[in-house]
Amino acid sequence: MPADSTPGPGIPGTPGSKGPRHRARGRRRKPRSRRRTGLLVAAWTAAGIVVLGGSGAGYLYFKLNGNLRSVDIDQALGTDRPGRSGNGSENILVLGSDTRSGGNGRIGGGADDGTARSDTAMIVHVHQGHREASVVSLPRDTLIDRPACTDTAGRQYPAAHEVMFNSAYATGGAACAVKTVESLTGLRMDHYLEIDFSGFQELVDELGGVRVTTTEDIRDPDSHLDLRAGTHRLSGAQALGLVRTRHGVGDGSDLGRIQLQQAFVKALAAQVKDIGVLTSPKKLYDLADTATRTVTTDSGLGSVNSLTAFASGLKGIDASHLHMVTLPVRYDPADGNRVLVQEDKARQVWDALRNDRRVPKAATEGTATGEAADVVSAP
């Protein structure tokens, strides 16, 4: 795909985008290899666990504080950004990183080529009062115009036309991903959270697994997943397989995988809310230790105190108050491996969040879905 400078985001294949698009033969993608398959989903729920262990003092506090990694996104992006809402709501960009470095290569498969992509991305809008949240999943295969951006080391990258959404993170890291999302949505991202393969798997294992119910058999050798229809307590490895699978459900696309991820987030949120083992001080510490080691945050959340205060504000949001949608898209007629934003419907999504309202049903009616709804649910 060609790259060139653009004044702002555009929607490929619509008036004003650069160059014509031509219909390709064939239908949507066939299942592909597991290289760069999708990742994870629940970094923001992981942050909620920190509150359980954040009240410790002395050694425990400094140990947890030393675990945290943060990036200074505000400095990298400067002041040319959307304004803050001012109404008490917050937007958090949550990314799942597919880096193959360290233990992630063994878990994720594939070689460590020194790069990572945001194979899962969600905008979590915490509504005023912090009693409910709207979550918008951003398909990794969405074609966008990426703005020029600067990473946290000061390196600059030119704008690019008609590139996959997840290339923003691969190009300029967290800062470029945040700028791309802000350019796409017109919304300020108040915070940033990131988690990788091994962190997600370890977190689920520390929780003692997560219970889900599947309405059909799910078998996908690429993600090492083999589940019969029924209720299961998933281990970390099984949970990772579930949120990565695309071949075992629906139409085999990334959109079907997103629907599984959204269902798993709800199941995980319900378990974090209700889990009974948290009366054990050791379990509390182990969970807090895992959570602080497995997330990367923006600098505003880069200490136990700030992350604890943030997580405390999420405690009132249970699974029934998580409203999940996917960015309205359609399959690209020129390339079945890609999707295009449905601009009018997407505008309804961003306007709703800007005005601190739930996303209207009309915004997602008639859009591509992945055909995997209701395959997975909390028991």
Side-chain angles (χ1 to χ4, degrees), residues 6-12 14 16-17 41 43-44 73-74 76-96 118 120-128 133-149 159-169 171-194 254-255 258 262 298 300 322-330 339-360 362-364 367-368:
T6 60
I11 306 303
T14 61
S17 61
V41 288
W44 80 287
I73 291 172
D74 287 342
L77 298 189
T79 58
D80 186 17
R81 303 176 64 185
R84 300 186 187 278
S85 69
N87 60 15
S89 65
E90 291 184 296
N91 297 309
I92 304 103
L93 178 61
V94 179
L95 295 187
S118 54
T120 296
M122 293 179 172
I123 298 171
V124 179
H125 177 84
V126 181
H127 291 275
Q128 182 180 15
S134 294
V135 181
V136 183
S137 294
L138 305 174
R140 50 158 281 167
D141 297 335
T142 307
L143 290 181
I144 61 162
D145 286 348
R146 191 187 72 235
C149 57
H161 176 60
E162 289 192 13
V163 295
M164 286 172 59
F165 167 78
N166 71 343
S167 69
Y169 180 87
T171 299
C176 193
V178 170
K179 183 163 186 178
T180 298
V181 170
E182 292 185 343
S183 178
L184 179 68
T185 66
L187 301 172
R188 173 82 169 228
M189 295 297 109
D190 299 288
H191 291 298
Y192 172 83
L193 286 166
E194 177 189 328
D254 186 52
L255 298 178
I258 284 174
Q262 292 174 341
D298 65 283
L322 283 175
H323 313 295
M324 302 279 195
V325 300
T326 301
L327 173 67
V329 295
R330 60 185 176 87
V339 295
L340 305 174
V341 178
Q342 293 196 14
E343 179 71 356
D344 290 344
K345 290 181 176 291
R347 190 174 296 113
Q348 295 181 55
V349 174
W350 311 137
D351 286 347
L353 300 190
R354 183 175 297 107
N355 292 289
D356 200 30
R357 298 193 305 261
R358 293 186 189 179
V359 175
T364 55
T367 62

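The first residue in the sequence is number 1, and the count goes up from there.
Here CZ of R330 is found 12.0 Å from OG1 of T367. Values are rounded to the nearest 0.5 Å. Of the inter-residue distances, the one linking L138 atom CG with N166 atom CG reads 11.0 Å to the nearest 0.5 angstrom. In this structure, I123 CD1 and W350 CH2 are separated by 4.0 Å, a value rounded to the nearest 0.5 Å. Residue H125 holds its NE2 atom at 9.0 Å from CD1 of I92, rounded to the nearest 0.5 Å. Expressed to the nearest 0.5 Å, how far CE of M164 lies from CG of D141 amounts to 4.0 Å. The distance from the CZ atom of R140 to the CG atom of L255 is 11.5 Å, given to the nearest 0.5 Å.
Residues T142 and V341 form a side-chain contact, since some pair of their non-hydrogen atoms from C-beta on lies under 4.5 Å apart. Side-chain contact between L322 and V135: present, with at least one pair of heavy atoms (C-beta onward) separated by less than 4.5 Å. Side-chain contact check for V181 versus F165: some heavy-atom pair is nearer than 4.5 Å. Between I258 and P139 the shortest side-chain heavy-atom distance falls below 4.5 Å.
In this structure, the side chain of D298 engages the main chain of Y192 through a donor-acceptor pair within 3.5 Å. Distance alone, capped at 3.5 Å, is enough to place a donor-acceptor pair between the R188 side chain and the P82 backbone. Within the 3.5 Å criterion, the main-chain N or O of M189 finds a donor-acceptor partner in the side chain of E182. No side-chain donor-acceptor contact under 3.5 Å links S183 to the backbone of K179.
When R358, H323, R357, H127 are each tested for a side-chain hydrogen bond (donor to acceptor under 3.5 Å, both in side chains) with S134, only one passes: H127. Each of D190, T185, V124 was evaluated against N91; a single residue qualifies, D190, per the side-chain contact (heavy atoms from CB on, under 4.5 Å) test.
By the 6.0 Å contact criterion, CG on D80 is open, its count of non-hydrogen atoms from other residues, nucleotides or ligands being 12 or less.
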message = One pair to check against side chain to side chain contact (heavy atoms under 4.5 Å, CB included): D351 and Q348. What are the steps and the verdict?
response = CA-CA 5 Å; D351 286 347; Q348 295 181 55; 5.8 Å; no
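Contact detail for P328 and A346: the closest heavy-atom pair is CG-N, 3.9 Å.
No side-chain donor from either of S85 and Q128 sits under 3.5 Å from a side-chain acceptor of the other.
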